[in-house]
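Along the sequence shown, the residues carry numbers beginning at 1. What you see below is based on every heavy atom in this structure, not just the backbone, and it leaves out hydrogens, waters and symmetry mates.
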Amino acid sequence: MSGGSEKKTYQAQSITVTFEARRCLHAAECVQGLPEVFDIAKRPWIQPDNATAERLAEVVRRCPSGALQYELVDGGTGAPTGPAGSPAVPPGS
């Protein structure tokens, strides 16, 4: 996870994951959540074929910075929803 301004794309059969290094906060939600996919010791460091699309999407949504995003081959997309435990809808809304 080094600096850089470009967005890199990692494709699997049913999901595409993108990573934008300049947005990464190094919270390691991805590395801790799915170490068989996100391994900074390997190149490429994201290996989306090592998990199901559903599980990968779940971990990508935990990314607190939005550096990781995904697009499912069937058309679903996703970006992080904020830090774990944060409410999707503010209280009182």
Side-chain angles (χ1 to χ4, degrees):
M1 295 191 283
S2 62
S5 60
E6 66 188 55
K7 184 183 284 189
K8 293 187 176 180
T9 301
Y10 303 87
Q11 281 189 292
Q13 191 169 13
S14 57
I15 190 169
T16 298
V17 176
T18 60
F19 174 69
E20 194 171 352
R22 68 178 172 84
R23 294 181 68 179
C24 183
L25 297 175
H26 304 281
E29 286 286 336
C30 55
V31 174
Q32 293 172 7
L34 209 48
E36 61 271 30
V37 171
F38 301 97
D39 185 345
I40 59 172
K42 292 183 178 176
R43 294 294 176 260
W45 79 279
I46 299 174
Q47 299 186 17
D49 286 319
N50 290 348
T52 64
E54 293 80 16
R55 179 74 177 117
L56 187 50
E58 176 188 325
V59 171
V60 167
R61 285 192 298 265
R62 289 191 226 155
C63 177
S65 68
L68 287 169
Q69 297 187 7
Y70 70 88
E71 183 173 352
L72 297 170
V73 170
D74 66 6
T77 61
T81 56
S86 66
V89 177
S93 297

Heavy-atom side-chain contact between Leu68 and Val17 under 4.5 Å:
yes
Give the minimum heavy-atom separation between Gln32 and Pro35, together with the two atoms involved.
O-CD, 3.9 Å
Closest non-hydrogen atoms of Cys24 and Ser65, given as atom of the first, atom of the second and distance, are CA-OG, 3.7 Å
Of all heavy-atom pairs linking Cys63 and Ala67, the shortest is SG-N, 3.6 Å
Atom pair OH/CZ of Tyr70 and Arg61 - distance to nearest 0.5 Å:
4.0 Å
Using the rule that two of Ile, Leu, Val, Met, Phe, Trp, Tyr join whenever any of their side-chain heavy atoms come within less than 4.5 Å, decide whether Ile40 and Phe38 are in one cluster.
yes
So do the side chains of Trp45 and Cys30 get within less than 4.5 Å of each other, counting heavy atoms only?
yes
Check: Val73 and Ile15 side chains under 4.5 Å, non-hydrogen atoms:
no
Which residues satisfy the side-chain contact (heavy atoms from CB on, under 4.5 Å) test with Gln11, sequence neighbours excluded?
Thr9, Thr16
I need the minimum non-hydrogen distance between Asp49 and Ala12, along with the two atoms involved.
OD1-CB, 3.1 Å
Under 3.5 Å, which donor-acceptor pairs do the side chains of residues 51-60 form with other protein atoms, sequence neighbours left out?
{"residue": "Thr52", "atom": "OG1", "partner": "Arg55", "partner atom": "N", "Å": "3.1"}
{"residue": "Arg55", "atom": "NH1", "partner": "Glu58", "partner atom": "OE2", "Å": "2.9"}
{"residue": "Arg55", "atom": "NH2", "partner": "Gly33", "partner atom": "O", "Å": "2.9"}
{"residue": "Glu58", "atom": "OE2", "partner": "Arg62", "partner atom": "NH2", "Å": "3.3"}

Interatomic spacing from CD in Glu36 to CG in Asn50 - rounded to 0.5 Å:
7.0 Å
Can you tell me how far the CD atom of Glu20 sits from the CD atom of Gln69, to the nearest 0.5 Å?
7.5 Å
